[in-house]
Amino acid sequence: MKRVGLVVAYDGTKYCGWQIQNNGITIQGILNQTLSGLLNEKVEVIGASRTDAGVHALGNVAVFDTESRIPGEKFSYALNQRLPEDIRIQLSEEVEPDFHPRYCASEKTYEYRILNRRFPVPTERLYSYFYHYRLDEKKMREAVSFLIGRHDFASFCGAGAQVKSTIRTITSMEVEREGDMITIRVRGTGFLYNMVRILAGTLIEIGNGQYPPERMKEILEARNREAAGPTAPAHGLTLMGIEFLD
């Protein structure tokens, strides 16, 4: 038995998220089905990040165990010939038998993209959130300064999340504008359910002048979901990559 690691990229538009569900097609489900068919054995992949329905990824990480003699680095080629075109393996390799992507110390990087212009652009509709009121990215940038570090992010945790603690660490956070596209880039050691999308929704309210940047500090200290802004739509979010620290 050996353990193989995968770096998985996908367009999440058609999927009900990463984790297997009864009500629709998921990334994990497709990978399990494809690997099981390839290897003629039951395979179950374990993912590092359970992205939500509609969320994209360029670098999610998963592992699976197999009795196969196929070299680890060859799985990427074999899988990419069988997977649908909106899922592609970027890297495959044999890893340590005890490597678990969810429990190893890591930093994840997410990007939330906002198309900020008068009219939508059809080619951007699946990968960015269209927002037609002018946003002040400088105010948004000021606001994120209150979020960096270790804090209780209860105000930014989606309803129904079952977690022991809402304390998380954001190691860096940036807001950049290039033309009509605003990108919120956040890196941290762990994220709560819908956390990045709620952060994005709150930053949009600050960017449109609804609140001053200092309001972010008050929202953080409130530890109350009702204090923060709305949950921004899923299709603007992409998991860019995961760096393992061990």
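Only heavy atoms go into these numbers, but all of them, side chains included; no hydrogens, no water, no symmetry mates.
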Main chain of [Y], side chain of [X]: is a donor-acceptor contact present, judged purely on distance under 3.5 Å?
| X | Y | answer |
| --- | --- | --- |
| Arg102 | Gly47 | yes |
| Asn32 | Val45 | yes |
| Asn116 | Phe130 | no |
| Arg185 | Glu176 | no |
| Ser36 | Lys42 | no |
| Glu137 | Ile182 | no |

*asked:* Heavy-atom count check: over 12 atoms from other residues, nucleotides or ligands less than 6.0 Å from Gln210 CD?
replied: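 Atom CD in Gln210 is crowded, with more than 12 foreign heavy atoms closer than 6.0 Å.
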_Can you tell me if Ile25 has over 12 outside heavy atoms packed within less than 6.0 Å of its CD1?_
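Counting other residues, nucleotides and ligands, CD1 of Ile25 stays at 12 neighbours or fewer.
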How long is the straight-line distance from [atom2] of [Y] back to [atom1] of [X], given to the nearest 0.5 Å?
| X | Y | atom1 | atom2 | answer |
| --- | --- | --- | --- | --- |
| Glu142 | Asp136 | CD | CG | 8.0 Å |
| Thr231 | Leu199 | OG1 | CG | 10.0 Å |
| Lys139 | Arg215 | NZ | CZ | 15.0 Å |
| Lys74 | Glu94 | NZ | CD | 14.5 Å |
| Thr166 | Phe156 | OG1 | CZ | 11.5 Å |
| Glu218 | Tyr211 | CD | OH | 10.5 Å |

Can you see which heavy atom on [X] is nearest to which on [Y], and at what distance?
| X | Y | answer |
| --- | --- | --- |
| Phe146 | Pro213 | CE1-O, 3.6 Å |
| Ser106 | Phe244 | CB-CD2, 3.8 Å |
| Thr26 | Ile20 | OG1-CA, 3.5 Å |
| Gly201 | Ala232 | N-CB, 3.9 Å |
| Ile219 | Ala227 | CG1-O, 3.6 Å |
| Trp18 | Ser49 | CG-O, 3.8 Å |

Common cluster, [X]/[Y], ILVMFWY with side-chain heavy-atom separation under 4.5 Å:
| X | Y | value |
| --- | --- | --- |
| Ile27 | Val7 | no |
| Leu147 | Ile167 | no |
| Leu6 | Ile242 | no |
| Leu115 | Tyr112 | no |
| Leu79 | Leu58 | no |

Which atom pairs, donor and acceptor, lie under 3.5 Å between side-chain atoms of residues 80-89 and protein residues at least two apart or in another chain?
{"residue": "Asn80", "atom": "OD1", "partner": "Ile89", "partner atom": "N", "Å": "2.8"}
{"residue": "Asn80", "atom": "ND2", "partner": "Ser76", "partner atom": "O", "Å": "3.1"}
{"residue": "Asn80", "atom": "ND2", "partner": "Ile89", "partner atom": "O", "Å": "3.0"}
{"residue": "Arg82", "atom": "NH1", "partner": "Ala78", "partner atom": "O", "Å": "2.8"}
{"residue": "Asp86", "atom": "OD1", "partner": "Tyr15", "partner atom": "OH", "Å": "2.7"}
{"residue": "Asp86", "atom": "OD2", "partner": "Tyr15", "partner atom": "OH", "Å": "3.3"}
{"residue": "Arg88", "atom": "NH1", "partner": "Leu83", "partner atom": "O", "Å": "3.3"}
{"residue": "Arg88", "atom": "NH1", "partner": "Pro84", "partner atom": "O", "Å": "2.9"}

*asked:* Enumerate the side-chain hydrogen bond (donor to acceptor under 3.5 Å, both in side chains) contacts for residues 117-130, please, sequence neighbours excluded, ordered by first and then second residue.
replied: Asp11-Tyr127, Arg113-Glu124, Arg117-Asp180
*If you look only at pairs with a residue in residues 63-73, which of them pass as a side-chain hydrogen bond (donor to acceptor under 3.5 Å, both in side chains), with sequence neighbours excluded?*
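Passing the test, one end in residues 63-73: Arg3-Asp65, Glu41-Thr66.
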*Would Phe75 and Leu35 count as a side chain to side chain contact (heavy atoms under 4.5 Å, CB included) if you check the C-alpha gap in whole Å, the side-chain angles of each, and the deciding distance to 0.1 Å?*
CA-CA 9 Å; Phe75 277 98; Leu35 278 164; 4.2 Å; yes
Non-hydrogen side-chain atoms of [X] and [Y] separated by less than 4.5 Å:
| X | Y | value |
| --- | --- | --- |
| Phe153 | Ile170 | yes |
| Val144 | Met216 | no |
| Glu243 | Arg187 | yes |
| His56 | Thr51 | no |
| Arg197 | Asp52 | yes |
| Glu178 | Thr183 | no |
| Arg225 | Asn194 | no |
| Glu107 | Thr109 | no |

_Verdict with reasoning, Val186 to Met195, per side chain to side chain contact (heavy atoms under 4.5 Å, CB included)_ = CA-CA 11 Å; Val186 56; Met195 179 173 161; over 6 Å; no
*asked:* Assess the residue pair Ile114 and Met140 against the criterion (side chain to side chain contact (heavy atoms under 4.5 Å, CB included)); give the C-alpha distance rounded to whole Å, side-chain angles, the decisive distance to 0.1 Å, and a yes or no.
replied: CA-CA 12 Å; Ile114 304 163; Met140 297 168 72; 4.3 Å; yes
*Going through the checks in order, is the side chain to side chain contact (heavy atoms under 4.5 Å, CB included) test met by Leu135 and Leu203?*
CA-CA 9 Å; Leu135 294 173; Leu203 285 169; over 6 Å; no
